[in-house]
Amino acid sequence: MKKQIKNVDILDLQEKDRWRRTDVTFEDGKILSLEKNFPCDEVYDGKGLTLSPGFIDVHMHEENRNDIDVQDYDIAECMLKMGVTTAMGGNCGSEKTEISQFFQGIDQYGSPINYCLAAGYNSIRKRIGIADTQKPTAVEMEKIHKELKRIIDEGAFGITFGIEYNPNISTEEILEALKPFYGRTDIFAAAHFRYDGNRGVESIEEMAYIARMSQIPFEISHLSSCCAFGNMKQGLQAIEDSLNEGVDILVDAYPYDAFSTQIGTSVFEGDFLSRWDVPLSNIVLTEAPYEGVPLTEEILKDARENYPTMLAIAHVMKLDEVKHSLTKPYVMVASDGLYSHHKGHPRGAGTFPRVLGDFVREGTLTLSQAIYKCTTLPAKRLGLEKEIGTIAPGYRADMVLFDPKTIQDQATFEDGQKPPVGIHQVWVNGELAIEDNQVVSNRLGKSIRRK
Ligand SMILES: [Zn+2]
C-alpha cells in the first residue's frame, strides 16, 4: 500500500540546504517518491509542517533486556515520543544485555524504535573475569579479542570504552584491545573520557591519540560533560588539530548543563568536587529514598554504600559552552539518555526537541543545521548514510513531522520523562507510531545489525 504525507517541507541535504514543499510517498517501509501528487492509496495531511528524517540517537543507554519477553520499554518509549526512530545502545563501555539476546527480544516482540548496539568494552572485561584493578594478561587479552570479534560479527557497529568508569584501563590497553581492528572503517570506536572538568582537554587528547593510532573512525562521547567547564574552547581546538591531520573523529553532545550517572561509580570518588568548582548540593539524587534530594556528605556516603546504582544528576556544566560546541560541524546531537525505573535526567526524553526548539529559535543553529546533526551526521557515523538519515527515494521511511514554531522539550529534572510538544507524527519503518503526541504503536522498531 502506497502512503503519502501531503504538503510538507523537506530538506534536501544532498543538495546543500535546499528546502522544498512537496508530498512524500512511501511503500513497504521505504520512501518511494518526493514528487507532488504521486499516485498513492492513502493520504495523510502534512499541514505545511516540517518532515525530517527520524532522529538518530547514536549515544544512549539501552534497556536491560535480560528477560526478552518483558513487554515494558522504558527509554525506547521516551525516545520514540521525541522523534527518535533509530538509537544505538552499548555506549560508555557498558552493554546491559548480551547482543544476541537483546536482538532476539526485539526480533520476537518488536520495539518502539529501531535499535543498534555497540560492544561495551568494560562489560566484556568484567564478563571475562578481569577485576577492575587488574591488567588483562596475554591470555585474557586473547579472550577479549575473541569476544569483540564475535560481537562485531553478530552485528555490533563498534566498540565503546568507559574509561572514567575504570581508570585502570590504560591507553595502551585500549590500543591493544583494538589492535585486531586497526584500519577498519566499517566499524567505529567510541569512548567516555578519562577525566572531565579541569582535566577534560588531556582526555580529549588521549582519545584523539587512540583514533590516530588505531585508524578506526572515532566518536568522542558526550563532549558537553567533558569540557563545558570553562575549557570548551581548548577542547574543540584539540579535536580540530586532529581533524586537520586527517584523523576521523566525530563528537556527540547533549544540550544540557547537567550530567547524570550512577552515584556508586568512580565519577564520585575522592575529591571529585575539585574538578568542577561547585558545591556538593549541585548534585541531586533521583530515586527513593533520596528522590530530588541534593547531596550532603552523609547522603553521599549512604547512597554510595547502599544505593550505588541510583542515578545522580550533577548540575556542573556551562550551557553557553555546550551550545558553542553544538555549532561545530563535527558535533552530533545525541542524548546519552539513561533511566532507572522511569526516573532520570530529562535528556532521554527532551534532547532532540530542545535543540530543534529553543536552540534553533534563539539562533544557536539554523533548522537545517540542527536536522543534519540529528539525522544525516549520526547516520554517517553508523555507516548507514545510504539507508537512514535522509528523506530520499530508497531510504527507510523513518520520519518525524513537526512544527518548527512549537516543537519543544517538556521533560524536566523533576519529571524526566515528560514527552515534548510540537511533534505531530512519527513514522517508523513506514508505519505510524505517534500521532498528535499519542503513541499509536510502540512495536514497529526492528533490530539493525551491521552488515
Ligand atoms: Zn558516558
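Ligands are counted one by one from 1 in listed order, and the atoms in each one are counted from 1 as well. Only a predicted model underlies this, so the values are computations on that prediction, with no experimental measurement involved. Each residue takes its place number in the sequence, starting with 1.
Angle NE2(H222) to the Zn ion (ligand 1) to SG(C92), rounded to 10°: 120°.
Figure legend: K323 and F359 shown as a cation-pi pair, the cationic atom lying under 6.0 angstrom from the six-membered ring centre and within 45 degrees of its axis. Remark: R347 is positioned above the aromatic ring of Y254, its terminal NZ or CZ atom under 6.0 angstrom from the ring centre and at most 45 degrees off the axis.
Residue contact annotation: H59 places no N/O/S atom under 2.8 Å from the Zn ion (ligand 1).
Using a 4.0 Å cut-off between charged nitrogen and carboxylate oxygen, R304 and E269 count as a salt-bridge pair. Comment: K301 does not engage E298 in a salt bridge, judged by the lack of any side-chain N to carboxylate O separation of less than 4.0 angstrom.
The minimum distance between the Zn ion (ligand 1) and any N, O or S atom of H192 involves atom ND1.
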